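These figures come from a predicted structure and were not determined experimentally. Each residue takes its place number in the sequence, starting with 1.
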Amino acid sequence: MSVYARFKRSQDGFRSLVELLESTPQSRRKKMIDVGMAEDPAYTEKALQYVLSFEDVMQLPDMELAELIAASPPRMTGFSMARASEETQLRFLKNAKPQIAAQVKEYMGMTIGLAEIGGAQLKLIEITRRLEKKGLIQAKKIPVGA
């Protein structure tokens, strides 16, 4: 039985595959993609078209970014932005409510490891996807039953 069989059988399987790829750390994601490309390259390529990256999140329009920041714990937002450019950090802070911005800024200033930053970025991607599912964010909208 193929690895993708369970995703292909379900109405929401394609969305589940995309969300799994988005929430998997890079090293494991690469292995999943390699297996998928060997098994069904067209299906894998189609799924990869809809996978959100943290760069996609950073490029959200201001209104959608404000929705994301409001829905995310300040710690996650701050940690995910810890190594971002000053310009990007300022944009995130500008789109946060003042009280939340102060908390996010505090977390941005903490010394944390790359693993924590990567984990926080994956969490923001998950929250972005949840908001996309509710229709609050338009980024890489996954087609139903693809």
Side-chain angles (χ1 to χ4, degrees), residues 3-37 40 43-146:
V3 175
Y4 282 176
R6 67 184 170 122
F7 296 110
K8 291 178 181 179
R9 279 195 305 255
S10 166
Q11 172 85 13
D12 292 331
F14 185 74
R15 173 176 280 281
S16 297
L17 174 61
V18 171
E19 290 175 353
L20 178 63
L21 289 169
E22 289 171 342
S23 63
T24 302
Q26 283 289 68
S27 60
R28 288 198 355 236
R29 181 185 310 170
K30 177 155 179 20
K31 291 176 188 172
M32 291 170 60
I33 292 169
D34 290 345
V35 168
M37 291 302 268
D40 189 339
Y43 194 73
T44 304
E45 287 288 337
K46 187 174 181 184
L48 290 173
Q49 290 175 8
Y50 294 99
V51 171
L52 276 174
S53 68
F54 191 67
E55 289 72 30
D56 295 324
V57 171
M58 292 190 305
Q59 300 303 316
L60 289 173
D62 285 351
M63 294 297 287
E64 292 180 9
L65 187 59
E67 284 286 344
L68 172 62
I69 294 167
S72 303
R75 179 180 178 172
M76 287 298 134
T77 304
F79 282 6
S80 70
M81 298 305 303
R83 299 246 172 105
S85 71
E86 185 176 338
E87 178 184 335
T88 301
Q89 288 179 347
L90 289 173
R91 183 167 172 262
F92 266 68
L93 293 172
K94 179 187 85 163
N95 283 290
K97 293 180 180 177
Q99 184 179 6
I100 293 173
Q103 294 173 359
V104 169
K105 191 172 186 175
E106 190 176 314
Y107 285 113
M108 274 191 234
M110 292 183 168
T111 303
I112 58 172
L114 289 176
E116 289 173 297
I117 293 171
Q121 290 176 350
L122 288 177
K123 283 290 185 196
L124 279 192
I125 291 169
E126 287 177 27
I127 295 167
T128 302
R129 187 54 78 191
R130 193 170 43 225
L131 294 172
E132 176 267 328
K133 198 171 185 178
K134 291 180 180 178
L136 299 171
I137 288 181
Q138 300 302 312
K140 290 192 179 179
K141 196 160 184 61
I142 300 171
V144 178

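- Annotation: the span from L48 atom CG to L17 atom CG amounts to 8.0 Å, rounded to 0.5 Å.
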Practice item. Show your working on side-chain contact (heavy atoms from CB on, under 4.5 Å) between K105 and Q89 and close with a plain yes or no. Key: CA-CA 8 Å; K105 191 172 186 175; Q89 288 179 347; over 6 Å; no

**OP:** Begin from the C-alpha positions of T24 and M32 and carry the test side-chain contact (heavy atoms from CB on, under 4.5 Å) through to its verdict.
**Re:** CA-CA 9 Å; T24 302; M32 291 170 60; 3.9 Å; yes

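- Annotation: salt bridge (Lys or Arg N to Asp or Glu O under 4.0 Å) contacts of E126 (sequence neighbours excluded): K123.
- Rounded to the nearest 0.5 Å, atoms CZ (F7) and CZ (R15) are 13.5 Å apart.
- Within 6.0 Å of NZ on K8 lie more than 12 heavy atoms contributed by other residues, nucleotides or ligands.
- More than 12 heavy atoms of other shown residues, nucleotides or ligands fall within 6.0 angstrom of atom NZ in K141.
- Here the closest heavy-atom approach between residue G13 and residue Y43 is recorded as C-OH, 4.3 Å.
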For residues 62-75, run the donor-acceptor check on the side chains, cut-off 3.5 Å, and write out each pair with its distance to 0.1 Å, sequence neighbours left out.
from: D62; atom 1: OD1; to: R91; atom 2: NE; distance (Å): 3.1
from: D62; atom 1: OD1; to: R91; atom 2: NH2; distance (Å): 3.1
from: D62; atom 1: OD1; to: N95; atom 2: ND2; distance (Å): 3.3
from: D62; atom 1: OD2; to: K94; atom 2: NZ; distance (Å): 3.3
from: E64; atom 1: OE1; to: Q138; atom 2: N; distance (Å): 3.4
from: E64; atom 1: OE2; to: Q138; atom 2: N; distance (Å): 3.3
from: S72; atom 1: OG; to: L68; atom 2: O; distance (Å): 2.7

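- Considering CG of L124 and CZ of F79, their distance stands at 12.0 Å, rounded to 0.5 Å.
- In this structure, CD in E19 is found 12.0 Å from CD1 in I125, a value given to the nearest 0.5 Å.
- Residues V18 and Y50 approach most closely at CG1-O, 3.7 Å, considering heavy atoms.
- The shortest non-hydrogen separation linking E22 to L122 is O-CD2, 3.1 Å.
- Side-chain atoms of T77 and Q103, non-hydrogen and from C-beta on, never get closer than 4.5 Å to each other.
- With Q121 contributing its side chain and S80 its backbone, the two residues share a donor-acceptor pair below 3.5 Å.
- Taking the side chain as every heavy atom from C-beta outward, M81 and T88 approach each other to under 4.5 Å.
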Could you list the donor-acceptor pairs under 3.5 angstrom formed between side-chain atoms of residues 107-117 and any protein atom two or more places apart in sequence or on another chain?
from: E116; atom 1: OE1; to: G113; atom 2: N; distance (Å): 3.1

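- Taking CD from E132 and CG from L60, the interatomic distance works out to 11.0 Å, rounded to the nearest 0.5 Å.
- In Q49, the CD atom is crowded: over 12 heavy atoms of neighbouring residues, nucleotides or ligands sit closer than 6.0 Å.
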